[in-house]
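Worksheet for the structure shown next.
We're numbering straight along the sequence, starting at 1. Note that the structure is a prediction, hence the values are computed from the model and not measured.
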Amino acid sequence: MRPSDRARVRASLIGFCLVLLTVLAALPGAQASDARVDGGMARWPVGDMARALDDYLPRRMAEEDVPGLAVAVIRKGVLVFEKGYGLADALGDRKVSANTLFEAGALGKSVAAYTAMRMVGARLLTLGEPVAEHGQAVPLRQVLEGKGRRAGIVSGIWQSRGRVAGADLVMAGGYGGLARVMEDRVDAPFERIVTAYVFKPFDMLSSGYRLPEALTRSVARGYVPLWQALAAVFLPWLAMLALALPLAFAAVHFLLDRIRMVPRDFVIATAGAFAAAMVPMGLFIGWPMLAAVLAYAITFLVCLGLAGFLFWRFLALVYRPGQGVLRRGHRGEERALVFGVLLALIAGVFFLERNVPVPTLGGNEPRVALSLRSSAHDLGLFAEGFLASKGLDPALRDMMIGGGREPALGFHTRSTRDGFTLWQLGDRPGFSSLVVVHPLRGDAVVLLANTNKAADLVQEAAAQIMGMEAGWRLP
């Protein structure tokens, strides 16, 4: 073999060995990196996780216009991290902490379900217990699985009113019926039952479905995008108007024997449609909330009208008669008016994403599945106690988990690469909240925010903390 050939072979062998050594050296690091990603921030050293969240959450909150957010992380069944970011009220300077109260909404379903299972363990209830739900009786298990009348159980649209300890109690779906059954069995108010079975044993000292009015001022103020407030007024109104106008035309034509409608007929139809839309809306979201969104809608319309008027007069002055796109006389005024209205509408679009505050839910207005007020600290303790089956027979806790095959009780489920997670979303007007539990790993995360604009952010943060694959989202 010629010297040049031997040199090429030697160089090739050296290069191959270097590549092999590089690959072998990278394997342990790659495996560690994968483990780090699979476990998410929840498995990082607490200091590293804290620094990462301190960088990540404030940055994303600023991008998504989220005033305040609180987080709690549970690792291997232990609450290891909790912190608040931003402001509890964007109009003031009160900062969010791990103990700041938020309206946690439907996260109260999971707490109520745990209470019910503790009563099952105490032989005060059975999973076959009939629970009244809007004139029907469904088994308790179906209520906790969310298999009853879904519109009532999940969204709380269907509601009935009862009396609990002298306070109005708005009952959402089967959970309202469940509260009644609980009260009948132990002859005590629902709030006292949950306190005895969950709040007190779990040291959730600031949580409650009812709050003294003095404490409601300590709850973070909720914010909604302006477009949501406007949609709550105009969408149901326009839907009712689409039904009212044909009915009004039929009444005028067949009952009053007139060929066409007069302005008074349109006014009556419009007013009737408004009343028919707003009354159920007030029953659903509450009268203080309805008053707030009506105020925003009226203010928005007044501002649009004023802006349109100013643009109109400005255009009429800028464009001299006979010059530009506007012409002399009545036709020029019309064009100036059209352009002014269009400019006002375009300007209004830029305000639709602005956050506007909403009223705090009254402390004496409990909604069994919707009105839980709690903090990241307290809900972190609840997740910790749930994973430890605190005060509950482990067999009943396993029944709540469902094993990924049977439906979970008080939670929804989502399959993952390493098993499954339990989750519950707690959207309320002005608030976004999420709890995710990985029962096989013993990890969990609680996220509470005081705006509906955080709905995507809480899911994104849950993905980062829990290490779920490519953007954890609700199924």
Side-chain angles (χ1 to χ4, degrees), residues 72 74 77 79 102-121 125 127 131 140-148 153-156 172-176 178-179 182 190-191 193-195 197-204 207-209 366-392 396-404 406-414 420-428 431-439 442-448 458-459 462 466 474-475:
I74 294 85
L79 179 60
F102 288 78
E103 292 186 19
L107 299 191
K109 293 180 180 180
S110 301
V111 176
Y114 200 91
T115 305
M117 294 302 286
R118 287 209 61 188
M119 294 181 71
V120 170
L125 292 176
L127 288 175
V131 175
L140 171 59
R141 176 187 283 273
Q142 288 191 18
V143 172
L144 300 183
E145 289 176 353
K147 290 184 176 180
I153 294 176
V154 176
S155 66
Y175 277 88
L178 171 59
M182 290 178 175
F190 173 75
E191 179 79 12
I193 297 169
V194 179
T195 299
Y197 282 102
V198 176
F199 292 155
K200 189 173 181 179
F202 285 49
D203 292 325
M204 298 171 66
S207 299
Y209 292 85
R367 301 188 178 205
V368 174
L370 298 173
S371 71
L372 176 66
R373 270 65 63 94
S374 190
S375 63
H377 172 77
D378 279 11
L379 288 171
L381 293 176
F382 173 73
E384 185 182 73
F386 174 82
L387 289 167
S389 192
K390 193 169 187 177
L392 184 65
L396 292 176
R397 197 285 310 267
D398 292 343
M399 196 176 296
M400 288 190 71
I401 292 174
E406 297 295 327
L409 305 182
F411 292 92
H412 306 280
T413 58
R414 180 183 186 276
F420 63 97
T421 55
L422 308 176
W423 62 270
Q424 185 63 266
L425 189 68
D427 273 355
R428 285 273 306 146
F431 295 86
S432 297
S433 52
L434 176 68
V435 59
V436 181
V437 180
H438 198 305
D443 297 344
V445 61
V446 176
L447 291 148
L448 305 173
V458 295
Q459 296 182 49
M466 298 293 285
L474 301 181

Between Arg414 (side chain) and Trp423 (backbone), is there a donor-acceptor pair under 3.5 Å?
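It does not hold such a pair.
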Sub-3.5 Å donor-acceptor pair from the side chain of Ser389 to the main-chain atoms of Gly385, do we have one?
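No, the answer is negative, given that no donor and acceptor are paired below the 3.5 Å cut-off.
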Would you check, one step at a time, whether the test side chain to side chain contact (heavy atoms under 4.5 Å, CB included) holds for Leu422 with Ile401?
CA-CA 7 Å; Leu422 308 176; Ile401 292 174; 4.1 Å; yes
Exercise: identify the closest heavy-atom pair between [X] and [Y]:
X	Y	value
Ala106	Gln424	O-CG, 3.5 Å
Ala179	Phe190	CB-CD1, 3.6 Å
Leu392	Met117	CD1-O, 3.5 Å
Tyr209	Ser371	O-OG, 3.2 Å
Leu79	Gly380	CD1-CA, 4.3 Å
Leu448	Ala376	CD1-N, 3.4 Å

Working to the nearest 0.5 angstrom, can you tell me the gap between [X] [atom1] and [Y] [atom2]?
X	Y	atom1	atom2	value
Leu409	Glu145	CG	CD	5.5 Å
Thr115	Leu125	OG1	CG	10.5 Å
Asp378	Met204	CG	CE	5.0 Å
Leu379	Ser433	CG	OG	8.0 Å
Leu372	Arg428	CG	CZ	11.0 Å
Leu381	Ser207	CG	OG	8.5 Å

Any [X] side-chain heavy atom under 4.5 Å of [Y] side chain:
X	Y	result
Thr421	Val437	no
Leu178	Leu144	yes
Val435	Val445	no
Arg141	Met399	yes

When the ring planes of Phe386 and Phe411 are compared, do they come out parallel, tilted or perpendicular, using 30° and 60° as the limits?
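Rings of Phe386 and Phe411: tilted, 30 to 60°.
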Does the side chain to side chain contact (heavy atoms under 4.5 Å, CB included) test come out yes or no for Ser110 and Phe382, once each step is laid out?
CA-CA 10 Å; Ser110 301; Phe382 173 73; 4.2 Å; yes
Could you go step by step and tell me if Phe199 and Val111 meet the side chain to side chain contact (heavy atoms under 4.5 Å, CB included) rule?
CA-CA 9 Å; Phe199 292 155; Val111 176; 3.9 Å; yes
Could you walk me through whether Leu396 and Asp398 pass side chain to side chain contact (heavy atoms under 4.5 Å, CB included), step by step?
CA-CA 5 Å; Leu396 292 176; Asp398 292 343; over 6 Å; no
Please find out if less than 6.0 Å separates the ring center of Tyr197 from that of Phe202.
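That pair fails the under 6.0 Å test.
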